[in-house]
Amino acid sequence: MNITKKDVESIIDASLGATPAPTLNQVDKFVKKTLNYNFAATLTEPFFIRYNADTLHGKGKKLVSVISYPLGGMTHEAKLYQAQQALKDGADELDISMDISAFKSHKYNYVKEELKPFVDIMEGRICKLIYFASLLSADEQIRACEIALELGIPFMKTNTGYGFVTTPEQVKLVKDRYGNSLKVMASGGVRTKEDAITMIKAGADRIATSSAFNIVDSFNDDGGIGNE
């Protein structure tokens, strides 16, 4: 399986996640640097959307943001308002955290009903469900996928990057069972070219990483996978 630089670059959501509490200047520099790459999207937290949407959109680039991040503990009302404001400010895609506490408390109907309005407000824009795979058993991961399918959420995002490390097995669990019916974004611990290639081979459709520049720049000039 020949995986090229273009293959990897085109499915990355580039974030500044490794920099806690970045300044506006730091985010501006990061966003402008992403313009030199062909990433799927650039990710910023909700506060920064209004400052960077025009920069990205002016170059035909997409902006993605995160909702109820990083632990999914916001109330439904606050979470929905945050999502609506993010779209108003210019987000093209949203990665929405599942209420993991409610899910782990077996309140599955609540989790499903709580997520319904988000599908409606997206109006066809891509919505990814952050389902915290590293906190779930295999059966629980499948249950989270079933909720997404019932609601029409097309993307499962494995984890946030705060201490969670996605495994190839988590990606394969979803892809082996659902194929193209659900897309998977590998997020958490994808820091090197080798990590990215491993996730793609496992079936990942997108990759979220704060190491986007290093991953892409580590490919050989010929675009191949070097000494893999």
Evaluate the side-chain proximity of [Y] to [X]: yes if any heavy-atom separation is below 4.5 Å, no if none is.
| X | Y | answer |
| --- | --- | --- |
| Asn38 | Val216 | no |
| Thr42 | Leu35 | no |
| Val111 | Leu115 | yes |
| Ile153 | Tyr131 | no |
| Tyr110 | His76 | yes |

Here the side-chain hydrogen bond (donor to acceptor under 3.5 Å, both in side chains) pairs for residues 179-188, sequence neighbours left out, are none
Using a side-chain heavy atom cutoff under 4.5 Å and only I, L, V, M, F, W and Y, what cluster partners does Met74 have?
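Traced through the cluster, Met74 reaches no other member.
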Hydrophobic clusters join Ile, Leu, Val, Met, Phe, Trp and Tyr when side-chain heavy atoms are under 4.5 Å apart, directly or via other members; which others share one with Met185?
Ile126, Phe155
Let me see the working for Phe118 and Leu94 under side chain to side chain contact (heavy atoms under 4.5 Å, CB included), right down to the final yes or no.
CA-CA 9 Å; Phe118 296 96; Leu94 293 180; 6.0 Å; no
Which heavy atom in [X] sits nearest to a heavy atom in [Y], and how many Å separate them?
| X | Y | answer |
| --- | --- | --- |
| Asp7 | Asn2 | OD2-O, 3.7 Å |
| Ala196 | Ile215 | CB-CG2, 4.1 Å |
| Phe219 | Val8 | CZ-CG2, 3.5 Å |

Non-neighbouring partners of Tyr51 that pass ring pair (Phe, Tyr, Trp, His ring centres under 6.0 Å), sequence neighbours left out
Phe47
Considering residues at least two apart in sequence or located in another chain, which fulfil the ring pair (Phe, Tyr, Trp, His ring centres under 6.0 Å) criterion with Tyr81?
none
Donor-acceptor under 3.5 Å (Thr167 side chain, Gln170 main chain)
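Indeed, once roles are kept as given, a pair shorter than 3.5 Å links the two residues.
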Test item: Lys79 side-chain N/O and Ser97 main-chain N/O as donor-acceptor pair under 3.5 Å:
yes
Where at least one partner belongs to [range], residue pairs that pass salt bridge (Lys or Arg N to Asp or Glu O under 4.0 Å), sequence neighbours excluded:
| range | value |
| --- | --- |
| residues 119-128 | Asp13-Lys128, Glu93-Lys128, Asp95-Lys128, Glu123-Arg125 |
| residues 97-107 | Lys104-Glu140 |
| residues 62-73 | none |
| residues 44-61 | Arg50-Asp89 |

Where do Ser134 and Asn159 land on the side-chain hydrogen bond (donor to acceptor under 3.5 Å, both in side chains) test, with the steps shown first?
CA-CA 7 Å; Ser134 293; Asn159 291 293; 3.2 Å; yes
Could you tell me if Asp195 and Thr198 have a donor-acceptor pair between their side chains, going purely by distance under 3.5 Å?
no
Under a 3.5 Å cutoff, is there a donor and acceptor pairing between the side chains of Gln82 and Ser68?
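Side chains of Gln82 and Ser68: no pair found under 3.5 Å.
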Is the shortest side-chain N to carboxylate O distance from Glu146 to Arg143 below 4.0 Å?
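Answer for the salt bridge query: no.
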Val165 with Leu173, same ILVMFWY side-chain cluster at under 4.5 Å
no
Which residues satisfy the side chain to side chain contact (heavy atoms under 4.5 Å, CB included) test with Asp217, sequence neighbours excluded?
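Once residues adjacent in sequence are excluded, the partners of Asp217 under the side chain to side chain contact (heavy atoms under 4.5 Å, CB included) criterion are Tyr37, Phe213.
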Under the side chain to side chain contact (heavy atoms under 4.5 Å, CB included) test, residues paired with Leu16 that sit two or more places apart:
Thr19, Pro22, Val27, Phe30
For residues 167-212, pull every pair meeting ring-ring contact (aromatic ring centres under 6.0 Å, His included), keeping only residues two or more places apart or in separate chains.
none
When rounded to the nearest 0.5 angstrom, what is the spacing between CZ in Phe164 and OG1 in Thr158?
10.5 Å
